[in-house]
Amino acid sequence: MMRELELQKAFMLVEPGPVTMVSTSLEGRANVMTLTWITVLDWTPRFALCTGAWNYSFEALVKTGECVVGIATADLVETILDVGTVSGREVDKFTRFELTPLPASHVAAPLIGECYANIECRVADHIKRHNIFVLEGIKAWTNPAHRDKRLLHAVGDGTFTADGEVFHRRVRMGDKLPPGV
Ligand SMILES: Cc1cc2nc3c(=O)[nH]c(=O)nc-3n(C[C@H](O)[C@H](O)[C@H](O)COP(=O)(O)O)c2cc1C
């Protein structure tokens with residue numbers, strides 16, 4: 001039998017996409033934030049993320065129109081809390097948290113060496129009313145040598161989960177899968 005769930009908890013049913021770390025570079029200074037409000041929009045490398053003027057990264061996103069989305073894995077659970085609880089306004093987070101900025105190909109924002117994967121992105125649209133940035137992925141990277149490939153998911157109440165069992169259903173998905181995946 002269904003029981004009513006407090007409406008303020010409804011976001012927790014949808015929240016657990018991958019935890020990401022988003023890097024930016026403003027006037028030669030690299031910064032990084034933790035971000036979980038991100039979604040794919042379709043099969044193209046187009047994403048929407050949500051952030052606003054309360055974060056320093058917002059200013060860099062608006063002024064440079066660029067960022068890198070780094071994909072966090074379970075081994076980075078303490079790092080994503082470090083990076084998501086202090087502001088680049090006060091701290092050089094790459095130095096403080098011993099993160100490795102690697103040069104990207106198309107954007108000034110650095111790849112994050114500790115991430116399993118990184119996507120270089122340009123801002124395609126900024127929907128101000130909802131603090132949504134639509135991103136166009138322009139180059140993607142993965143590190144096959146990264147040992148822990150379990151994606152990390154924030155539940156929204158301060159708990160986190162990591163990927164576990166994998167269900168292989170490629171045949172049943174049939175033509176619902178895009179070419180090349
Ligand atoms: C697990 C986690 C998830 C977060 N997700 C988001 C998010 O989706 N959007 C957002 O604006 N801030 C999010 N934050 C908060 C920012 O990471 C945080 O405000 C950070 O200090 C901003 O850094 P900045 O001021 O250097 O940009 C999250 C923080 C944590 C710890």
Side-chain angles (χ1 to χ4, degrees), residues 8-41 45-102 104 107-137 148 150-164:
Q8 70 269 25
K9 291 188 180 164
F11 83 96
M12 290 166 55
L13 302 171
V14 183
E15 168 87 23
V19 177
T20 70
M21 291 197 283
V22 175
S23 83
T24 45
S25 176
L26 184 60
E27 289 151 11
R29 259 190 88 230
N31 186 35
V32 58
M33 71 177 285
T34 299
L35 187 136
T36 50
W37 299 333
I38 185 164
T39 182
V40 293
L41 293 178
R46 202 172 302 138
F47 313 95
L49 65 74
C50 177
T51 191
W54 57 88
N55 287 324
Y56 182 58
S57 303
F58 171 85
E59 193 183 328
L61 267 175
V62 169
K63 286 188 176 162
T64 67
E66 296 178 351
C67 67
V68 168
V69 177
I71 307 301
T73 40
D75 53 322
L76 293 177
V77 65
E78 300 305 331
T79 306
I80 60 106
L81 290 168
D82 290 338
V83 163
T85 52
V86 301
S87 178
R89 272 192 200 97
E90 289 96 40
V91 172
D92 174 347
K93 289 191 250 183
F94 274 93
T95 304
R96 163 85 68 94
F97 303 122
E98 298 179 343
L99 291 169
T100 314
L102 301 174
V107 298
L111 310 181
I112 304 156
E114 285 67 22
C115 282
Y116 164 53
N118 285 276
I119 310 163
E120 300 182 31
C121 296
R122 287 216 179 94
V123 174
D125 204 356
H126 180 194
I127 304 163
K128 297 190 181 71
R129 197 153 72 94
H130 294 291
N131 295 310
I132 291 173
F133 289 85
V134 177
L135 303 178
E136 193 77 51
D148 191 344
R150 294 170 300 155
L151 297 185
L152 192 58
H153 309 277
V155 178
D157 62 352
T159 64
F160 296 83
T161 61
D163 281 352

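Whatever order the structure lists ligands and atoms in, that order sets their numbers, starting from 1. Numbers here simply count residues along the sequence, with the first being 1.
When all heavy atoms of Met21 and Cys115 are compared, the closest pair comes out as CE-SG, 3.7 Å.
Within the 3.5 Å criterion, the main-chain N or O of Ala109 finds no donor-acceptor partner in the side chain of Thr24.
With a 4.5 Å cut-off on side-chain heavy atoms, Leu61 and Thr51 count as touching.
Under the salt bridge (Lys or Arg N to Asp or Glu O under 4.0 Å) criterion, Glu15 pairs with no residue at all, not counting sequence neighbours. In this structure Arg96 satisfies the salt bridge (Lys or Arg N to Asp or Glu O under 4.0 Å) test with no other residue, sequence neighbours excluded.
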Pick out the protein N or O atoms lying less than 3.5 Å from any N or O of ligand 1, and list each pair with its distance.
from: ligand 1; atom 1: 5 (N); to: Thr36; atom 2: N; distance (Å): 3.2
from: ligand 1; atom 1: 5 (N); to: Thr36; atom 2: OG1; distance (Å): 3.4
from: ligand 1; atom 1: 8 (O); to: Thr36; atom 2: N; distance (Å): 3.0
from: ligand 1; atom 1: 8 (O); to: Trp37; atom 2: N; distance (Å): 2.9
from: ligand 1; atom 1: 9 (N); to: Cys50; atom 2: O; distance (Å): 3.1
from: ligand 1; atom 1: 11 (O); to: Thr51; atom 2: OG1; distance (Å): 2.7
from: ligand 1; atom 1: 11 (O); to: Trp54; atom 2: NE1; distance (Å): 3.3
from: ligand 1; atom 1: 11 (O); to: Asn55; atom 2: ND2; distance (Å): 2.9
from: ligand 1; atom 1: 12 (N); to: Asn55; atom 2: ND2; distance (Å): 3.4
from: ligand 1; atom 1: 14 (N); to: Thr34; atom 2: O; distance (Å): 3.3
from: ligand 1; atom 1: 17 (O); to: Thr34; atom 2: N; distance (Å): 3.2
from: ligand 1; atom 1: 17 (O); to: Thr34; atom 2: O; distance (Å): 2.7
from: ligand 1; atom 1: 19 (O); to: Asn55; atom 2: OD1; distance (Å): 2.6
from: ligand 1; atom 1: 21 (O); to: Val86; atom 2: O; distance (Å): 2.8
from: ligand 1; atom 1: 23 (O); to: Lys93; atom 2: NZ; distance (Å): 3.0
from: ligand 1; atom 1: 25 (O); to: Tyr56; atom 2: N; distance (Å): 2.9
from: ligand 1; atom 1: 25 (O); to: Ser87; atom 2: OG; distance (Å): 2.6
from: ligand 1; atom 1: 26 (O); to: Asn31; atom 2: ND2; distance (Å): 2.8
from: ligand 1; atom 1: 26 (O); to: Gly88; atom 2: N; distance (Å): 2.7
from: ligand 1; atom 1: 26 (O); to: Lys93; atom 2: NZ; distance (Å): 3.0
from: ligand 1; atom 1: 27 (O); to: Tyr56; atom 2: N; distance (Å): 3.2
from: ligand 1; atom 1: 27 (O); to: Ser57; atom 2: N; distance (Å): 2.7
from: ligand 1; atom 1: 27 (O); to: Ser57; atom 2: OG; distance (Å): 2.5

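For residues 55-79, the pairs satisfying ring pair (Phe, Tyr, Trp, His ring centres under 6.0 Å) are Phe58-His126, Phe58-Phe133, with sequence neighbours left out.
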